[in-house]
Amino acid sequence: MAKRRAKGAASGGSERGGKRGKRSTATTSSTASTAPSAPSAASAASAASAPSAPLVAGSDGTWADVRVYVVPLRIGAVQGRVLRNRVAALGGAVHDFVSPTTNVIVANLDVSELIEWLRQTTWNESNTPQEEPRFHKLDYLVDSLKQQSPISPHDFRLHSDEEYVAQVKMAKYQQYRREHQRRADVSGTRTVALSVAGSDKMVSLEVSDELAKKRRKKARVLASREFFACQGAKATDPKGNNMLVSRQLNELADMYKAEGDQWREYTTRNAARRIAKLPFALKSGAEATKLPKIGKKLGAKIQEILDTGSLRKLENFKADDKVVALELFQSIWGVGAATARKWVHQRGWRTLRDVRDHADSLTTNQAIGLKYYHDIKSRIPRSEVMAIEARVREVATAVVPGVALTVCGSYRRGRLTCGDIDVLFTHPDDKVAVSAVSRVVPALHDAGLLTHDLTSDNRGDSYMGLCRLGPDSLHRRIDLKSFKQSEYGCALLYFSGSEHFCRSVRTWARRQGYSLSERALVRRFSRDTKSDLPIPGLFTEEAVFQALGLKYVPPEERDI
DNA sequence: GCAATATGGAC
DNA sequence: GTCCAT
DNA sequence: TTGC
Ligand SMILES: O=c1ccn([C@H]2C[C@H](O)[C@@H](COP(=O)(O)OP(=O)(O)OP(=O)(O)O)O2)c(=O)[nH]1
Ligand SMILES: [Mg+2]
């Protein structure tokens, strides 16, 4: 069955860095002698004597939390001094430089000039605001100072002001990407994990790795990890600025999937994910094409959505009964793009009834998928997963003493409902570990929990099938997999997903010269060894993250 | 022209 | 090798 | 569909 991907709510990441940008060396300074124009009549001078007014949206109406930097361009010395004194007199802080605590930046520039200023400035740890500052035009500060009663930025020329902020944010985002195209940090250490006798706990040690240290010299220019979805830590924009766009692109991806167009699906869905997490509203398709992996075609589609609220290409797909049927058929477990295409285009089928009427042309698994179509489609409440886990654990420990099992997948990521149950098994004895599933499966059948097999080879280390708690419960999809303890870190990382997270980690690994599978992390043929070199000791997920130079991400934050 | 995760079972 | 799955 |  083709699982429908998460709706526009997911966050995403681009795994391919943008082009390398030249770094400007210009530095910002409050004493910059660059103010080009003569002081015009300081419009702010007349702003005197007003009581407090808020400068930041949602502030408490005082200036206490306002820490402002005034860009010293197109602002005369006199006007600048007056503004700064005024803010200070009302209790706000005035910064001579942009600092980590600056939260308001005021500039008497148009957007392109401000973008240029951002570009010309070398941003580093000491001058990059920790929280996204608000950008405002000079008028904003002047008017805020002038007001008797408090005004919020949203009351003030809402449209142009928000537009200004959005454009600047995009420029800053791109600046950030450019600045972070840098050399990978090859740590020169690697992790060794030791299993502790009589326990399934393991200990990680970091040891010096002479090989890695040698490699440090040869480290090539690699993408920076913060641009990978698996390190993004960015959730969907809570304000839902671009919901309309991201939802429709995600639906378009569903249509491409229905047609079996894997790569259009992939790019479109990633675009939808990344747009969903932008912290500001897209204003045009052209603006969107500044994001990596959003090119001309997607830009035009986004523009159409912004203009008309809908996308003709998507509407056409949705109105096409062939496409609707393709999607329907692929939602049967065991039916993929090729089979659906055959049924629709060669046999003219359109409904589940059509499929049911030709049951003889189904594979064994498809027949099961069709019979339990609705059971399999419905999501499993977390509580039911826990009940199934308890039964599996009970049976498994009885038949394989000392076995350890972990329910992974969306359950481990903390989802309240799950599409299926994904269970990993291991055991301190490798021989027992790899045979765990094949020993447990017959016992689960005997216990009445397993009802249908979707894998027939029952000697393997992997099982797929249906299970149910009892005659009043729905049939649920369940996957069981066995791994050696030495593979368990990689196995947990794989089986816990999400799919997008998994692909992101593996793409990152490949960029670093590794290949990551559910069993192992291997260094791809290093000249010296002439063949692939498995990294030993990856008993835990932490060890795998560390070996890859990634910050550990708990399962709950992998739900991207 | 090619890669975009990596792997395994069924046929 | 293709299809389908995770 | 995008980017190299
Ligand atoms: O194409 C895929 C699909 C899945 N996986 C991994 C990640 C995923 O988390 C795990 C289990 O897959 P499943 O399909 O069960 O996804 P899930 O994350 O558990 O979500 P659901 O609630 O739909 O089961 O297998 C992949 O690597 N590639
Ligand atoms: Mg699952």
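Labels below follow one simple rule: chain letters A, B, ... track the order of the sequence lines, proteins then strands, and each chain is numbered from 1.
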Check whether any side-chain N or O of A/K297 sits under 4.0 Å from OP1 or OP2 of D/dT1, and answer yes or no. yes
Answer yes or no: side-chain N or O of A/Y494 and base N or O of C/dT6 forming a donor-acceptor pair under 3.5 Å. yes
Holding to side-chain hydrogen bond (donor to acceptor under 3.5 Å, both in side chains), I want the full list of residues that pass it with A/Y494, two or more places apart in sequence or in another chain. none
Give a yes/no on whether any side-chain N or O of A/R477 is located under 4.0 angstrom from OP1 or OP2 of C/dT6. yes
Between B/dG1 and C/dC3 - P atom distance, rounded Å: 22 Å
Please list, chain by chain and in numerical order, all residues satisfying side-chain hydrogen bond (donor to acceptor under 3.5 Å, both in side chains) with A/H427, sequence neighbours excluded. none
Sequence neighbours excluded, the answer for side-chain contact (heavy atoms from CB on, under 4.5 Å) partners of A/K322 is A/D320, A/V344, A/H345, A/R350
For A/K296, which contact category applies under a 4.0 Å heavy-atom criterion: base, sugar-phosphate, or nothing? sugar-phosphate
Scan A/D261 against the nucleic acid and name what it touches under 4.0 Å (heavy atoms): base, sugar-phosphate only, or nothing. nothing
Taken in chain and number order and not counting sequence neighbours, the residues that satisfy side-chain hydrogen bond (donor to acceptor under 3.5 Å, both in side chains) with A/R391 are none
Roughly how many Å apart are D/dT1 and B/dT7, using the C1' atom of each and rounding to a whole number? 25 Å
A/Y488 ring center near A/F483 ring center (under 6.0 Å): no
Scan nucleotides 9-11 of chain B against the protein and return all N/O pairs shorter than 3.5 Å with their distances rounded to 0.1 Å.
from   : atom 1 : to     : atom 2 : distance (Å)
B/dA10 : OP1    : A/S456 : N      : 2.7
B/dA10 : OP1    : A/S456 : OG     : 2.6
B/dA10 : OP1    : A/D457 : N      : 3.1

Under 3.5 Å donor-acceptor pair, A/R506 side-chain atoms to B/dT5 base atoms: yes
Which is true for A/A509 with a 4.0 Å heavy-atom rule: it touches a base, it touches only sugar-phosphate, or it touches nothing? nothing
What residues, two or more places apart in sequence or in another chain, satisfy side-chain contact (heavy atoms from CB on, under 4.5 Å) together with A/P534? A/V522
Check: A/W343 ring centre within less than 6.0 Å of A/H358 ring centre: no
A/L521 atom CG is separated from B/dA6 atom P, nearest whole Å, by 11 Å
Report which part of the nucleic acid A/K342 touches: base, sugar-phosphate, or nothing (heavy-atom distance under 4.0 Å, all strands). nothing
Would you indicate what A/R341 reaches in the nucleic acid, counting non-hydrogen atoms under 4.0 angstrom: base, sugar-phosphate, or nothing? nothing
